[in-house]
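In what follows, every chain begins at residue 1, and chains take the letters A, B, ... in the order their sequences are listed.
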2 protein chains.
Amino acid sequence: MPTPPQPRPKPRSGAGALPDPSPAAPLTERQEARRRRILHASAQLARRGGFDAVQMREVAESSNVALGTLYRYFPSKVHLLVATMQDQLQQMHATLHKHPPEDTGAAARVAATLMRAFRALQREPQLADAMVRALNFADRSVSPEVDTVSRLTTAIILDAMGLQDQPTPEQLSAVRVIEHTWHSALITWLSGRASIAQVKIDIETVCQLIEVTAPRD
Amino acid sequence: MPTPPQPRPKPRSGAGALPDPSPAAPLTERQEARRRRILHASAQLARRGGFDAVQMREVAESSNVALGTLYRYFPSKVHLLVATMQDQLQQMHATLHKHPPEDTGAAARVAATLMRAFRALQREPQLADAMVRALNFADRSVSPEVDTVSRLTTAIILDAMGLQDQPTPEQLSAVRVIEHTWHSALITWLSGRASIAQVKIDIETVCQLIEVTAPRD
DNA sequence: CGCTAACCTAGAACAAGTTTCAGGATTCAC
DNA sequence: GTGAATCCTGAAACTTGTTCTAGGTTAGCG
């Protein structure tokens with residue numbers, strides 16, 4: 001990878017160096033539209049045939065964009081799929097927000113939330129395959145994007161816990177471990193090495209950590 | 001992937017169909033030697049430059065084997081790297097067996113063991129990168145091999161727990177969750193999104209599950 | 001309106017994983 | 001020791017991710 005990745009199209013700004021790294025540049029309307037077309041095509045192809053079916057040439061063609069342009073928006077296939085995951089997660093987060101779990105107890109609520117997310121993925125296993133494989137295959141060059149996904153997941157879990165105050169460090173550790181378990185369990189399920197029932201048990205098991213680490217007042 | 005994978009070279013057996021799926025066929029001495037040369041070359045290249053540096057053509061050349069032969073032994077790059085991981089894990093298991101952890105309490109022993117394994121990987125981060133990326137990228141066609149790795153990991157953890165009797169289902173769940181955490185934490189470390197300290201905390205956090213699920217007699 | 005920088009397109013070119021094929025080398029059965 | 005089955009080799013071909021190039025297009029700006 002000779003060229004350093006440029007997370008987003010560098011919009012009209014200065015000469016050539018990246019002058020404003022964080023705001024990630026406001027896209028024009030047409031650019032935003034292109035970006036969405038690309039993400040849509042990506043998800044569509046993924047739903048069909050999983051990771052392998054998301055072929056860059058096809059994505060470009062489906063979204064009416066030149067191959068070079070696709071690479072300008074997403075510097076690699078993994079970047080593209082991780083961005084697709086961000087997209088899907090955001091939708092899921094919104095959905096969960098509208099219908100929060102009603103169980104009693106933080107652990108039960110988190111487990112219920114994760115299982116709900118799980119069932120959503122179950123409905124589109126190929127899409128899940130593409131996204132999760134990409135996420136786990138990502139190398140350092142995708143860290144920022146992967147990190148965003150991670151923060152989204154954390155937010156979903158913290159939401160489900162329904163905390164009153166700031167989470168303690170112990171709770172954050174528990175949440176991280178839950179995330180680890182979630183990702184890894186997803187993989188074992190996707191590769192057919194674990195059943196849904198198994199995943200459910202693992203999720204419920206790890207959610208016990210929430211109680212173990214609950215602050216005693 | 002038009003051709004169904006054949007986990008190992010199909011040794012002289014019948015006409016063409018796989019008549020004896022499980023025993024995986026005894027290899028002749030020269031074949032065993034080839035296999036080892038290949039695995040050695042794979043690990044060597046991986047140590048140098050991680051996943052990307054393990055190029056099938058190079059592996060073939062380094063191990064003095066034709067490309068086609070390499071593919072007969074390992075039907076894909078991922079198969080090869082997962083097999084490499086099996087190899088390394090076996091060595092590690094043997095080492096751990098000779099120097100078991102001396103901490104008091106199952107949870108502490110497991111955590112200590114995993115951190116020791118972790119430090120071993122830390123010494124060859126590129127090799128770790130190659131193996132772990134492969135493991136997590138593996139699709140269904142590699143399930144048997146990935147499962148072997150999983151069983152090896154489970155064995156290491158159970159060993160560290162030093163159980164007297166058969167593990168209860170709850171304990172097995174806890175072990176699975178620990179494995180999930182281990183794998184996922186490894187990834188976050190490899191991709192530079194978590195520090196060693198963070199990994200240590202996560203491992204120790206998840207190991208609390210061992211106590212939570214310990215059978216009360 | 002016309003300039004200019006940045007963007008986009010079409011298409012070739014390159015890289016590495018994987019497959020295929022023709023022929024030589026091994027190995028087992030007899 | 002001969003033959004058949006299998007294995008191994010060397011090399012080319014194919015696939016798909018990624019890069020590069022030349023030229024047309026768009027958007028802000030004087």
Sugar-phosphate, base or nothing in reach of A/R34, heavy atoms under 4.0 Å: sugar-phosphate

In this structure, CG of A/D87 is separated from CG of A/L81 (nearest 0.5 Å) by 12.0 Å

Using atom CD of A/E58 as one end and atom P of D/dT15 as the other, report the distance to the nearest whole Å. 13 Å

Could you please name the option among D/dT9, C/dT9, C/dA13 that lies closest to any side-chain atom of A/A66? C/dT9

C/dA16 P sits how many Å from A/Q55 CD, rounded? 19 Å

Does the D/dT18 base have a donor-acceptor partner in the side chain of A/R57 within less than 3.5 Å? yes

Closest-nucleotide mapping onto DNA chain C: is A/N64 or B/R30 further toward the 5' terminus? I mean the 5' end. A/N64

Pi-cation contact, B/F137 with B/K77 (under 6.0 Å, within 45°): no

Atom OH of A/Y71 and atom C1' of D/dT21: how far apart are they, to the nearest Å? 17 Å

Side chains of B/R30 and B/T28: do they bring a donor and an acceptor to under 3.5 Å? no

Measuring to OP1 and OP2 of C/dC8, would you say a side-chain N or O of A/Y73 lies under 4.0 angstrom away? yes

Taking the side chain of B/Q31 as its heavy atoms from C-beta onward, which of D/dC8, C/dA13, C/dG17 lies nearest to it? D/dC8

Is the terminal nitrogen or CZ of B/K200 (NZ for Lys, CZ for Arg) located under 6.0 angstrom from the six-membered ring centre of B/F118 and within 45° of that ring's axis? no

Return the value, rounded to whole Å, for the distance between atom CD of B/E32 and atom P of D/dC8. 12 Å

Tell me: CG of A/L81 to P of D/dG17, nearest whole Å? 10 Å

Under 4.5 Å between any side-chain heavy atoms of A/Y73 and A/Q31, yes or no? yes

When we call it a touch if two heavy atoms are under 4.0 Å apart, what does B/V54 touch: a base, just sugar-phosphate, or nothing? sugar-phosphate

Counting heavy atoms from C-beta on, name the nucleotide in C/dT9, C/dA12, D/dG17 closest to the side chain of A/L67. C/dA12

How many whole angstroms separate atom CG of B/D52 from atom P of C/dA16? 9 Å

Can you tell me how far C1' of C/dG11 sits from CG of A/L70, to the nearest Å? 15 Å

Name the closest nucleotide to the A/T69 side chain, picking from D/dT19, C/dT18, C/dC8. C/dC8

Calculate the interatomic distance between A/F51 atom CZ and D/dT16 atom P; express it in whole Å. 13 Å

